[in-house]
Amino acid sequence: AGAETNFHLPKRSEIESKITKKTRAILYCSPGNPTGAVYTKEEVEMLVSIARDNNLFLISDEVYREYIFEGEHTSLLSYFDEIPSNAILLDSLSKRYSLCGARLGIIASKNEELMKGIVKLAQTRLSVGLIDQEMASVMNEVPDSYIEDVRNEYKKRRNVLYKGLTGIKGIKMAKPEGAFYSMVKLPVEDAEDFAIFLLKEFRINNETVMVAPGSGFYGTPGKGKNEVRIAYVLKSEDLKRAINIIRLGLEKYKKKD
């Protein structure tokens, strides 16, 4: 799976070809970080079937589930009765309410043995701070309109980023379907070298842009060498300035050789 398929899942046969005797679980994130892909119901059902047939845990990270711009969210929760011993759902307040420093979340599963082990860990080592728990206890009072407003704002920023970056010659970018991340192919051989160049050598009005090299998000060596991950968490006007810095930075970067 790659940008050519908007980072959707490969065929079942390709996934199952990677399963070995050491494989214990499949972990997926939808909407995804770092791609923004939103898996379809058919894709989730394929993963459920693979997990069942190969007796693997299926772990679904759904922390971005409200932030979907294209398609609909299919939760693993809908399949708990189908694979009760295998399904594990992860969720968190950190993205939903922009509480990245507060490690507040849940693990849900019908596997009693698994949950007993998790409870032991939570009681002995991973307990959430009291202040954090007090804060979380009133989150149900936040109106649904808050999430709707945040989703609309991220969609607006997504559109600004997509229009701006795809307007730069040589840049290729799949349109993110959710979350607030994108993987972007740059017209350079080494995106990490370009990122260092932006930080060390390039300024526009004493401003520059920091991007995350894409290769670190791949498990396959050599993949993503000309890609960067961009999180569109800035205001639209700031994004427009950042896009202009990338455009002018690419022009200068290509000339320096």
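Owing to the predicted nature of the structure, the values given are computational and were not obtained by experimental measurement.
Counting heavy atoms from C-beta on, the side chains of N86 and V48 never come closer than 4.5 Å. By the 4.5 Å heavy-atom criterion applied to side chains, K18 and T23 are not counted as neighbours. Annotation: side chain of L58 is in contact with side chain of Y28 (closest heavy-atom distance under 4.5 Å). Looking only at side-chain heavy atoms (C-beta outward), N159 and K156 stay at 4.5 Å or farther from each other. Proximity of E62 to H73: side-chain heavy atoms (C-beta onward) are separated by under 4.5 Å at one or more points. Using a 4.5 Å heavy-atom threshold, the side chains of R247 and N244 count as touching. The side-chain heavy atoms of R229 and N33, taken from C-beta on, include a pair separated by under 4.5 Å. For the pair L9/L47, a side-chain contact is recorded, criterion being any heavy-atom separation below 4.5 Å from C-beta on.
Between V228 and A191, the shortest heavy-atom contact is CG1-CB, 3.7 Å. Shown here for V44 and Y79, the closest heavy-atom pair between the two residues is CG1-CE1, 4.0 Å. Across all their heavy atoms, E227 and Y218 have their closest contact at OE1-OH, 2.8 Å. Contact between R96 and S92 at its shortest, heavy atoms only, is NH1-O, 3.0 Å.
Here the options are E153, E70, E177, the test is salt bridge (Lys or Arg N to Asp or Glu O under 4.0 Å), and the partner is R158; only E70 passes. Of the candidates Y64, F217, Y232, Y64 is the only one forming a ring-ring contact (aromatic ring centres under 6.0 Å, His included) with Y181.
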Yes or no on side-chain contact (heavy atoms from CB on, under 4.5 Å) for V150 and Y67, after CA distance, side-chain angles and deciding distance? CA-CA 8 Å; V150 174; Y67 304 135; 3.5 Å; yes
Show, in sequence, the C-alpha distance, side-chain angles and deciding distance for I68 and E72, and conclude whether the side-chain contact (heavy atoms from CB on, under 4.5 Å) test is met. CA-CA 7 Å; I68 293 179; E72 296 181 356; over 6 Å; no
side-chain contact (heavy atoms from CB on, under 4.5 Å), that's the test. Do Y97 and M139 meet it? Break it down for me. CA-CA 9 Å; Y97 299 109; M139 285 300 174; 4.0 Å; yes
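Here the side chain of S49 pairs no donor or acceptor atom with the backbone of M46 at under 3.5 angstrom. E66 places no side-chain N or O within 3.5 Å of a backbone atom of I147 that could act as its donor or acceptor partner. With R24 contributing its side chain and K21 its backbone, the two residues share a donor-acceptor pair below 3.5 Å. A donor-acceptor contact shorter than 3.5 Å is absent between the side chain of T35 and the backbone of F7. Looking at T20, its side chain does come within 3.5 Å of a backbone N or O of K22 through a donor-acceptor pair. For the pair D61 (side chain) and L27 (backbone), a donor-acceptor distance under 3.5 Å is absent. Not one N or O on the side chain of R241 forms a donor-acceptor pair closer than 3.5 Å with the backbone of T208. Distance alone, capped at 3.5 Å, places no donor-acceptor pair between the S75 side chain and the S78 backbone. Panel note: side chain S215, backbone K223; no donor-acceptor pair is recorded below 3.5 Å. Judged purely by atom type and a 3.5 angstrom limit, S94 has no side-chain atom pairing as donor or acceptor with the backbone of L99.
For CD1 of I131, the number of neighbouring non-hydrogen atoms (other residues, nucleotides, ligands) closer than 6.0 Å is 12 at most. No more than 12 heavy-atom neighbours from other residues, nucleotides or ligands sit within 6.0 angstrom of NZ on K172. The number of heavy-atom neighbours closer than 6.0 Å to CD of E45, taken from other residues, nucleotides and ligands shown, is above 12.
A distance of 8.5 Å separates OG of S60 from CZ of F80, quoted to the nearest 0.5 Å. The line from CG of L186 to CG of L250 is 6.0 Å long, rounded to the nearest 0.5 Å. From I59, atom CD1 reaches atom CG of L76 across 10.0 Å, with rounding to the nearest 0.5 Å. Atom CE of M210 sits about 7.0 Å away from atom CG of L199, to the nearest 0.5 Å. Distance check: D238 CG to I243 CD1 gives 11.0 Å after rounding to the nearest 0.5 Å. Within the model, atoms CG of L104 and CG of D91 stand 11.5 Å from one another, a figure rounded to the nearest 0.5 Å.
Between D53 and R12 a salt bridge is recorded (basic side-chain N to carboxylate O distance below 4.0 Å). Taking the charged nitrogens against the carboxylate oxygens, K116 and E113 have no contact shorter than 4.0 Å, which rules out a salt bridge.
Taking the centre and axis of the six-membered ring of F69, the NZ or CZ atom of K155 falls outside the cone set by 45° and 6.0 Å.
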